[in-house]
Number of protein chains: 2
Amino acid sequence: MRDLARAVNLQGGSLYAHIASKEEVLFELVNRAADQFLSVAQAIPEDLPAKERLTRLVRAHLQVIARELDNATVFFHEWKFLRPELQEKIKARRDEYEGHFRQIIEAGVKQGEFEVEDVRLAALFVLSALNWTYHWYRPEGKLTLEELAQAYSNLILRTLGTKAA
Amino acid sequence: MRDLARAVNLQGGSLYAHIASKEEVLFELVNRAADQFLSVAQAIPEDLPAKERLTRLVRAHLQVIARELDNATVFFHEWKFLRPELQEKIKARRDEYEGHFRQIIEAGVKQGEFEVEDVRLAALFVLSALNWTYHWYRPEGKLTLEELAQAYSNLILRTLGTKAA
DNA sequence: AGGTGGCAAACAACCGTTCGTTTGAAGAAG
DNA sequence: CTTCTTCAAACGAACGGTTGTTTGCCACCT
């Protein structure tokens, strides 16, 4: 907390004129990260072909991670240390986000664009591969975000059993 | 440290008759986790078809994660808090392990079993999807480890552009 | 006799948070 | 235009507790 205070030129205790507790700050942080993911997902038009929607979602997801590397790291881990009640709120939003992936895959299967046995597991697989990027991706590295998004999209489309290249 | 001590029926300070520091314990933990991953990878015969080798490696990887859920969690995260010198040792072993994936994919491409543009990125993608399982997989859940390994192997083979089903 | 392993106590540093007080600016009253 | 009041924001010290580690001492086994 004293580090946090120093970052805004305050004394440790002075923070508590603005916040209720350290946990409140953590929740706010994690919750806003959830906002980011959800809002980009909701911005994708539903009337596009599943392949296109998925490609866009992949790019958007990677963009959010890259743009908020630190927040994403906290988002993926630290929510487990919230009290159960707050944890549930985060879990609900995470599940909602996961639902976007499932829904797109589901739609693609129905349209004959994808061929997937277990939609739930496939969505989890894809999200797993995407989420891990926060471990190693650095915007200042060799790989452009656009290049990464392109390459990962291709891999993911094949994972989901797309026919065309 | 006092929790650790209680787990072996000792007083907090008594630990220091056996260990040098908390960091030493962390390193030992993380390093032994690396042992687990590396040893199962090295146990896979090199003269098998790439598809078979990869399937075995996937199953073995998931088995290690499932068997040592807690250790795996620490392995994936906590090594970042070691001093740089020890971090490098872990990184080296992690890279060696990643090399197994790369090598198998590379071999598969040469044999015409796989079709992959960027071997390095493909290996990273596969490992990412596998590693994330520690976040959600619980051995006591509905999904058998064997079922998970089977399903993930199929997805991964498609990711790598395998022809046959 | 010597070394090992254990204990209890203590160490300094740090943790999240509270407390009484000071500051400075805005608004009301004269 | 001044004076007085109000109020939020910040300070700095302190609280009780925890952290990783060190110390001196005693008991046991060789």
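Protein chains get the first letters and strands the later ones, always in sequence-line order, with residue 1 at the start of each.
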message = Can you see if the side chain of B:His18 gets near the phosphate of C:dT4 - specifically, an N or O under 4.0 Å from OP1 or OP2?
response = no
Distance-only, no hydrogens or angles: does the [X] side chain make a donor-acceptor pair with backbone N or O of [Y] under 3.5 Å?
X        : Y       : value
B:Ser21  : B:Glu24 : yes
A:Gln36  : A:Val64 : no
A:Glu113 : A:Lys51 : yes

key: Summary of protein contacts for nucleotides 7-18 of chain C, nucleotide by nucleotide, where a base hit scores B, a sugar-phosphate-only hit scores S (4.0 Å, heavy atoms)   = BS-B----BBBB
key: CD (A:Glu117) with more than 12 external heavy atoms under 6.0 Å   = no
ask   = Does a side-chain N-to-carboxylate-O contact under 4.0 Å join B:Arg83 and B:Glu85?
value = yes
task = Flag the pair B:Asp3 and B:Arg6 as a salt bridge only when some basic side-chain nitrogen lies within less than 4.0 angstrom of an acidic carboxylate oxygen.
result = yes
remark   = B:Leu15 CG to D:dT22 C1', in whole Å, measures 13 Å
message = Among residues 80-89 of chain A, which ones have heavy-atom contacts with DNA chain C below 4.0 Å?
response = none
request  = For the pair B:Phe101 and B:His61, name the ring-plane relationship: parallel under 30°, tilted 30 to 60°, perpendicular over 60°.
outcome  = perpendicular
task = Please go through B:Leu15's hydrophobic cluster and name the other residues, only I, L, V, M, F, W, Y counting, with side-chain heavy atoms under 4.5 Å joining them.
result = B:Met1, B:Leu4, B:Val8, B:Leu10, B:Tyr16, B:Ile19, B:Val25
